[in-house]
Amino acid sequence: NVNTIDATGISVGDYTLTVTTVPDGNHNAVSKSASVTVTKVHSTIEPISPISIVYGDSGSVTVVTTGATGVTAELYSGETKLNDTVSVSGNVITIKNNVDAGEYTLKVTTIPDGNHNAASTTANVTVIKADSTIADISPISVGFGESASVTVVTSGATGVNAELVGTTGKVSVDGNV
């Protein structure tokens with residue numbers, strides 16, 4: 001007779017398997033033992049799609065894992081790890097709003113349970129430049145031959161360029177600070 005013994009759901013460790021025959025009327029029962037070693041296998045992380053974020057915004061991604069209690073995450077610019085740029089809660093990774101525009105690599109590593117080893121993967125992160133802003137400019141009324149000035153408030157800019165459309169008059173910009 002050939003018998004198959006299946007064992008599932010066994011935690012990592014060393015065990016002894018003892019097999020004893022169920023004899024017929026002409027035989028005695030006998031037993032044999034063998035050692036069984038259950039070893040850790042790698043946890044898994046499903047592939048992470050590229051992530052795009054507009055500068056000044058945060059972005060998040062939920063990673064799907066098996067054999068893990070959570071994940072850790074690190075953001076890299078080339079080979080340089082960027083500190084305080086990501087936070088993790090369980091399997092949700094948030095890229096903070098303090099990352100400059102550019103291309104980055106997110107490295108994600110599982111926190112394995114007792115039956116698994118850690119596994120890692122990476123994802124591309126692109127932080128897209130945000131538009132600079134100009135506050136509303138009030139209409140200007142000036143008499144012929146006189147000059148006028150207007151204060152322009154901007155953010156995300158180091159200055160402004162200006163032109164007066166439809167005339168050959170001159171416009172100058174002062175105070176690009």
Side-chain angles (χ1 to χ4, degrees), residues 2-19 33-137 151-163 173 175-177:
V2 175
N3 297 281
T4 301
I5 300 170
D6 292 320
T8 59
I10 301 171
S11 295
V12 168
D14 292 317
Y15 304 92
T16 300
L17 173 67
T18 301
V19 178
S33 295
S35 63
V36 176
T37 300
V38 179
T39 59
K40 291 183 178 185
V41 294
H42 286 292
S43 54
T44 61
I45 305 174
E46 288 188 12
I48 303 169
S49 297
I51 303 163
S52 291
I53 304 168
V54 175
Y55 172 78
D57 291 343
S58 60
S60 63
V61 61
T62 300
V63 293
V64 177
T65 63
T66 57
T69 60
V71 295
T72 62
E74 300 170 323
L75 192 64
Y76 287 84
S77 176
E79 298 295 318
T80 304
K81 178 184 167 191
L82 304 176
N83 294 321
D84 196 34
T85 54
V86 297
S87 64
V88 179
S89 177
N91 283 15
V92 178
I93 301 166
T94 300
I95 300 167
K96 297 180 179 181
N97 65 354
N98 62 346
V99 180
D100 290 335
E103 299 290 327
Y104 302 93
T105 301
L106 180 67
K107 180 181 178 186
V108 179
T109 303
T110 60
I111 300 169
D113 63 22
N115 294 315
H116 293 84
N117 293 314
S120 295
T121 191
T122 60
N124 293 327
V125 176
T126 302
V127 178
I128 303 164
K129 289 182 179 183
D131 291 338
S132 56
T133 60
I134 300 175
D136 289 338
I137 303 171
T151 300
V152 178
V153 178
T154 64
S155 68
T158 59
V160 296
N161 294 315
E163 68 176 300
V173 176
N176 275 342
V177 289

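Because only heavy atoms are used, hydrogens play no part in the values below, and waters and symmetry mates are left out as well, while side chains stay in.
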Determine whether [X] and [Y] make a side-chain contact, defined as any pair of heavy atoms from C-beta on separated by less than 4.5 Å.
{"X": "Thr85", "Y": "Asn98", "value": "yes"}
{"X": "Val86", "Y": "Ile95", "value": "yes"}
{"X": "Ile111", "Y": "Thr72", "value": "yes"}
{"X": "Val152", "Y": "Ile137", "value": "yes"}
{"X": "Glu74", "Y": "Leu106", "value": "no"}
{"X": "Glu46", "Y": "Thr44", "value": "no"}

Which heavy atom of [X] sits nearest a heavy atom of [Y], and at what distance?
{"X": "Thr154", "Y": "Val160", "result": "CG2-CG1, 3.7 Å"}
{"X": "Ala119", "Y": "Ser43", "result": "CB-O, 3.1 Å"}
{"X": "Pro112", "Y": "Ala118", "result": "CG-N, 3.7 Å"}
{"X": "Tyr55", "Y": "Ala101", "result": "CD1-N, 3.9 Å"}
{"X": "Val12", "Y": "Gly114", "result": "CG2-O, 3.9 Å"}
{"X": "Asn97", "Y": "Gly56", "result": "CB-O, 3.3 Å"}

### Task
Using only heavy-atom distances, determine whether the side chains of Thr126 and Ser52 contain a donor-acceptor pair under 3.5 Å.
no

### Query
Can you tell me if Ser120 and Thr109 form a side-chain donor-acceptor pair at under 3.5 Å?
yes

When rounded to the nearest 0.5 angstrom, what is the spacing between [atom1] in [X] and [atom2] in [Y]?
{"X": "Ile51", "Y": "Ile93", "atom1": "CD1", "atom2": "CD1", "result": "7.0 Å"}
{"X": "Thr122", "Y": "Leu75", "atom1": "OG1", "atom2": "CG", "result": "11.5 Å"}
{"X": "Thr66", "Y": "His42", "atom1": "OG1", "atom2": "NE2", "result": "12.0 Å"}

[X] atom [atom1]: more than 12 heavy-atom contacts under 6.0 Å:
{"X": "Lys40", "atom1": "NZ", "answer": "yes"}
{"X": "Lys96", "atom1": "NZ", "answer": "yes"}
{"X": "Tyr76", "atom1": "OH", "answer": "yes"}

### Candidate pair Val41 and His116, rule side chain to side chain contact (heavy atoms under 4.5 Å, CB included), full reasoning
CA-CA 5 Å; Val41 294; His116 293 84; 3.6 Å; yes

### Task
Start with the C-alpha distance between Val99 and Ile53, add both sets of side-chain angles, then the distance that settles side chain to side chain contact (heavy atoms under 4.5 Å, CB included), and finish with yes or no.
CA-CA 10 Å; Val99 180; Ile53 304 168; over 6 Å; no

### Task
Please name the residue in the list Ile45, Asn117, Thr121 that meets the side-chain contact (heavy atoms from CB on, under 4.5 Å) test with Thr110.
Ile45

### Message
side-chain hydrogen bond (donor to acceptor under 3.5 Å, both in side chains) for Thr69 and Asp113? Distances and angles first, verdict last.
### Response
CA-CA 6 Å; Thr69 60; Asp113 63 22; over 6 Å; no

